[in-house]
Novice: 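Sharing a structure with you now.
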Amino acid sequence: MEPFIRTKDLVFYNLKQASKSDFAMRYLRLVKKYQKEGAVPELNVPKEVYDELVEAVDAITDATNESRAKTETPELQEVAADRDRIMQWLVRQTVQYKLWPLEAEQEAAQRLQPVAAPYAKFYDEPMGQRYALANGLLLDFRKPENKDYITKLGYEPYLAELEELNTRYATLKARRSEKRTKKTNSPTTAEINRRVENVIKVINSYADATVVLQPNEMAKKFVLEVNNLVEEIRLERRKKGKTEGN
């Protein structure tokens, strides 16, 4: 008599989010090998269950990519970095007024030094706060009493670029917030994870039942491949040398 085989259980909630997504995608690729016309006949898996697996894996992939994404989008980061470089230059050239080659320029920068000094450590502030600081610097430098100094130092083109970049930053941030608001009613990552785990359990149940009630080589092969995948995931966790949690 052949030894009884069945799919091994993977403690899904013990995995980190990236590992959950990775396992789900690898599991889907495995099932796809046995899929025919939308169903998995060798495992008795109906089309609607297979479709649910595909949709669930798509959802967990999107959720994981969203959680991996940095708080700021790449475009937002680039605009903020360009803005911060200009602001840093303006502040440094003013606070360290002796950097200017001409005496008249040094005198103008020295006059502006008290205006720029409060912004000297703006880089220590969070990115969002730097937006307000850049606006503050623009307002302070452009006060009527500072106009002659700004002209003598040739600051106006830099201030115009600083203003343009800060405006773009505000626009991009508002657009990002709007997109996040639209996602408010989307399922939570925990709900998506449960959806993936449940459909995997359903398919495994179909496979286990098929091996017992309607044995065929394809079903047995599938069960063995699932078990190998589970062991690979467990081995990868052990190699990391720490227990993964949610």
Side-chain angles (χ1 to χ4, degrees), residues 16-19 21-22 61-186 188-189 240-242 244-246:
K16 286 186 177 179
Q17 187 59 37
S19 295
S21 179
D22 178 58
T61 301
D62 289 343
T64 303
N65 289 339
E66 181 73 18
S67 67
R68 282 172 172 167
K70 294 180 179 179
T71 302
E72 310 294 354
T73 65
E75 186 179 8
L76 198 59
Q77 286 183 320
E78 183 178 355
V79 170
D82 289 342
R83 175 204 62 200
D84 291 350
R85 277 192 291 271
I86 293 174
M87 187 168 175
Q88 184 183 41
W89 184 85
L90 286 166
V91 172
R92 186 187 69 241
Q93 290 293 121
T94 307
V95 173
Q96 300 177 29
Y97 58 90
K98 290 185 179 180
L99 292 173
W100 292 95
L102 301 180
E103 184 177 348
E105 293 170 334
Q106 290 183 12
E107 182 181 353
Q110 187 175 13
R111 294 282 187 175
L112 280 176
Q113 187 185 38
V115 179
Y119 301 95
K121 294 185 177 181
F122 81 98
Y123 251 118
D124 294 338
E125 300 296 332
M127 190 179 292
Q129 181 62 24
R130 293 179 209 166
Y131 165 78
L133 290 172
N135 278 337
L137 182 73
L138 285 165
L139 290 171
D140 287 342
F141 269 21
R142 283 173 167 169
K143 287 180 179 178
E145 61 265 32
N146 296 325
K147 183 177 180 180
D148 289 344
Y149 309 134
I150 296 297
T151 301
K152 192 168 291 185
L153 295 170
Y155 273 179
E156 189 50 51
Y158 297 97
L159 293 174
E161 187 172 3
L162 178 64
E163 183 176 25
E164 190 271 334
L165 287 167
N166 219 31
T167 301
R168 281 179 59 196
Y169 177 85
T171 301
L172 290 169
K173 195 149 190 174
R175 190 180 303 161
R176 185 196 63 180
S177 298
E178 183 181 356
K179 288 181 179 179
R180 287 182 174 177
T181 300
K182 289 179 179 178
K183 291 182 178 180
T184 301
N185 296 325
S186 300
T188 65
T189 300
K240 291 179 180 178
K242 61 181 180 180
E244 291 185 330
N246 287 333

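Residue numbers run from 1 in the order of the sequence given.
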Novice: For Gln106 and Tyr97, work out which heavy atoms get closest and say how close.
Specialist: CG-O, 3.4 Å
Novice: For Asp82, check salt bridge (Lys or Arg N to Asp or Glu O under 4.0 Å) against everything at least two apart and list the hits.
Specialist: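 Listed in chain order: Arg85.
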Novice: Kindly list each side-chain donor-acceptor pair under 3.5 angstrom involving residues 154-162, sequence neighbours excluded, with atom names and distances?
Specialist:
residue : atom : partner : partner atom : Å
Tyr155  : OH   : Thr94   : OG1          : 2.7
Glu156  : OE2  : Arg142  : NH2          : 2.8

Novice: As an exercise, state the distance from CD of Glu78 to CG of Leu165, rounded to the nearest 0.5 Å.
Specialist: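 The distance works out to 10.0 Å.
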Novice: Does any part of the side chain of Arg130, heavy atoms only, come nearer than 4.5 Å to the side chain of Met87, both counted from C-beta?
Specialist: no
Novice: Rounded to the nearest 0.5 Å, how far apart are CD of Glu107 and NZ of Lys152?
Specialist: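 Reported to 0.5 Å precision, the distance equals 6.0 Å.
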Novice: How many angstroms lie between OH in Tyr169 and CD in Glu164, if you round to the nearest 0.5 Å?
Specialist: 15.0 Å
Novice: CD of Gln93 to CG of Leu112: how many Å apart, nearest 0.5 Å?
Specialist: 12.0 Å
Novice: Please indicate whether Glu145 has more than 12 foreign heavy atoms, meaning atoms of other residues, nucleotides or ligands, lying under 6.0 Å from its CD.
Specialist: yes
Novice: Indicate the atoms forming the closest heavy-atom contact of Tyr131 with Asn166, along with that distance.
Specialist: O-ND2, 2.9 Å
Novice: Phe122 and Leu133: which non-hydrogen atoms are nearest, and at how many Å?
Specialist: CB-CD1, 3.7 Å
Novice: With the side chain counted from C-beta on, respond yes when Asn135 and Leu138 share a heavy-atom pair under 4.5 Å apart, and no when they do not.
Specialist: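 Yes; the side chains approach each other to less than 4.5 Å.
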Novice: When rounded to the nearest 0.5 angstrom, what distance separates OG1 in Thr167 from CZ in Arg83?
Specialist: 10.5 Å
Novice: Any donor-acceptor pair under 3.5 Å linking the side chain of Tyr119 with the backbone of Gly136?
Specialist: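 Yes: the side chain of Tyr119 pairs with the backbone of Gly136.
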Novice: What closest approach, in Å, do Val91 and Ala116 show between heavy atoms, and which atom pair accounts for it?
Specialist: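 Residues Val91 and Ala116, closest heavy atoms: CG1-O, 3.9 Å.
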